[in-house]
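Throughout, residue positions are numbered sequentially from 1 according to the sequence presented. The structure presented is a predicted model; accordingly, all values stated were derived computationally and were not measured. All values below come from the heavy atoms of this structure, side chains included, with hydrogens, waters and symmetry mates left out.
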Amino acid sequence: MAIRLRKKKLIGYFLTGAMAMLIICLIGGYFFYQKAQEREIALKQEYQAKMEELQEVASQSEVVYTLKKPIEKGDPITKDILQKAYSSKAATAEDRFLIDMINGEDEYFAKTDLMLNTPVTQSMVYKNEMITKDVREGEYSFIELPTSVKADSFVDIRIQFPTGDDYVLLAKKRLKNVTGLTSWFDVDEGEILTMSSAIVDAYVEGAKIYAMPYVDEHMQDASQMTYPVKNNVKDLIKESPNIVNIAKLNLERQNRARMESYLKEMETAEREKIRAGETATKNEVNVDNEKRSAEERINAANQGALNQQEELVGGTQGGNE
């Protein structure tokens, strides 16, 4: 009996301890669960706050494209060297360059050297304009060219009248080739007719047609064409079905009328004096160029003779040895 009572007591103690442990575990589990819930709620709130912050930043940001590598002036801007980035609206340039602009037809090039991660803007690049159906290669031998121009130079073709009026005939033309006084560059139908009008003015009014190069062809925008074409050419331009871009041509009648009135007011003697002065200047330039050419030929001949003499002396010494 004593053993049974002892076993019963032990079982009671064990059950009491188990119940106590169970109660403690339940209470501890409850508090642990509460803490876990609180942490989860806090994490959710923190995550939501960050998402709202990111959304707010995203709503105030613009997509820009930066360079994956540094490039030099004249290098092409292609999709493979651009990477997407984000910039605040306040810090984003209005003319930011978008990758969708590279559509396979237009080619873009850097106007200047650009560093790694530079956000690209439209003002940093230039593009080769698409060739329209009315573009042809023109050859001209009457345009006065500066001595510094060569193939691939960009120039404005201008016309200067005896009255002092000076107009832009063609803007930012790339000289495809230059040989002596002859130059080749692309012209469209409207520009061809404009040049025809200028040629008549050059012969009849004693105007001078000349080229003026750009200092930095990539950074400088093209000039506006300001030359007022002759009235008959103006009508022809308006009626021509071959002209694609008529907007860039100067077709104002008022400018042409003003220019012609100034030319009529000039006396014949004044025109002849101006033409004589220009002819004298050209003759002096030609004489100076011929003189320089003769000096260069003499110097080249003397250098050649000196080289031959040195070779003979060197050969004689080698033979004596």
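Ile143 and Met212 sit in two unconnected hydrophobic clusters of ILVMFWY residues. Membership requires side-chain heavy atoms under 4.5 Å apart, directly or through other members. Taken together through direct or relayed side-chain contacts under 4.5 Å among Ile, Leu, Val, Met, Phe, Trp and Tyr, Val64 and Val125 form parts of separate hydrophobic clusters. Cluster membership for Val63 and Leu67, using ILVMFWY side-chain heavy atoms within less than 4.5 angstrom, is shared. In this structure, Phe154 is not a member of the same hydrophobic cluster as Tyr210, with clusters built from ILVMFWY side-chain heavy atoms closer than 4.5 Å.
Looking at Leu193 and Val229, their side chains never come closer than 4.5 Å, going by heavy atoms from C-beta outward. Taking the side chain as every heavy atom from C-beta outward, Lys230 and Val200 approach each other to under 4.5 Å. Side-chain contact between Leu175 and Val155 is present, with at least one heavy-atom pair separated by less than 4.5 Å. Side-chain contact between Asp165 and Gln160: absent, with no pair of heavy atoms (C-beta onward) separated by less than 4.5 Å. By the 4.5 Å heavy-atom criterion applied to side chains, Phe185 and Glu137 are not counted as neighbours. At a threshold of 4.5 Å between non-hydrogen side-chain atoms, the residues Pro213 and Pro146 count as touching.
Side-chain atoms of Asp113 never come within 3.5 Å of backbone atoms of Glu72 as a donor-acceptor pair (strictly under, hydrogens ignored). Glu205 places no side-chain N or O within donor-acceptor distance of the main-chain N or O of Ala202, the cut-off being under 3.5 Å. Panel note: side chain Lys172, backbone Glu217; a donor-acceptor pair is recorded below 3.5 Å. Remark: side-chain polar atoms of Thr226 are paired, donor with acceptor, to backbone N or O of Val168 under 3.5 angstrom. For Thr194 (side chain) and Gly190 (main-chain N/O), a donor-acceptor pair under 3.5 Å exists by modelled atom type. Looking at Ser196, its side chain does come within 3.5 Å of a backbone N or O of Ile192 through a donor-acceptor pair. Panel note: side chain Gln220, backbone Val215; a donor-acceptor pair is recorded below 3.5 Å. Between the side chain of Asp156 and the main chain of Arg158, no donor-acceptor pair closer than 3.5 Å is present.
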Apply side chain to side chain contact (heavy atoms under 4.5 Å, CB included) to Met225 and Leu169, showing your working.
-> CA-CA 6 Å; Met225 295 170 62; Leu169 275 176; over 6 Å; no
Check against side chain to side chain contact (heavy atoms under 4.5 Å, CB included), Asp188 and Val135 = CA-CA 4 Å; Asp188 60 33; Val135 172; 4.2 Å; yes
Please report the C-alpha distance between Tyr214 and Asp221 in whole Å, then the side-chain angles of each, then the deciding distance to 0.1 Å, and finally whether the side chain to side chain donor-acceptor pair (under 3.5 Å) criterion is met.
-> CA-CA 9 Å; Tyr214 282 73; Asp221 294 330; over 6 Å; no
Test Ser183 against Leu145 for side chain to side chain contact (heavy atoms under 4.5 Å, CB included), laying out the working first.
-> CA-CA 9 Å; Ser183 57; Leu145 301 173; 4.1 Å; yes
Derivation and outcome, side chain to side chain donor-acceptor pair (under 3.5 Å), residues Glu139 and Trp184 = CA-CA 5 Å; Glu139 176 183 344; Trp184 289 262; 3.3 Å; yes
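Between the side chains of Asn117 and Gln83, at least one donor-acceptor pair of N or O atoms lies under 3.5 Å. For the residue pair Tyr227 and Ser197, a side-chain donor N or O sits within less than 3.5 Å of a side-chain acceptor on the partner.
Between Lys73 and Asp216 there is a salt bridge, with a side-chain nitrogen of the basic residue lying less than 4.0 Å from a carboxylate oxygen of the acidic one. Between Arg174 and Asp152, at least one side-chain nitrogen of the basic residue sits less than 4.0 Å from a carboxylate oxygen of the acidic one, meeting the salt-bridge criterion.
Atom CZ of residue Phe142 and atom OH of residue Tyr203 lie 7.5 Å apart, to the nearest 0.5 angstrom. With values rounded to the nearest 0.5 angstrom, Met124 atom CE is found 9.0 Å from Met219 atom CE. The distance from the OH atom of Tyr140 to the CD1 atom of Ile209 is 9.5 Å, given to the nearest 0.5 Å. Taken from OG1 in Thr66 to CZ in Phe97, the straight-line distance is 13.0 Å, to the nearest 0.5 Å. Summarising the geometry, atom CZ belonging to Arg96 is positioned 9.5 Å from atom CD belonging to Gln122; distances are rounded to the nearest 0.5 Å. Here CG of Leu114 is found 4.5 Å from CD1 of Ile71. Values are rounded to the nearest 0.5 Å.
Counted within 6.0 Å of NZ on Lys69, heavy atoms from surrounding residues, nucleotides or ligands total 12 or fewer; the atom is thus considered open.
Between Ala171 and Ser223, the shortest heavy-atom distance links the atoms CB-O, 3.1 Å. When every heavy atom of Thr182 is checked against every heavy atom of Ser141, the shortest pair comes out as OG1-OG, 3.0 Å.
Of the residues listed (Arg136, Lys176, Lys173), the one engaging Asp186 in a side-chain hydrogen bond (donor to acceptor under 3.5 Å, both in side chains) is Lys176, and it is the only one.
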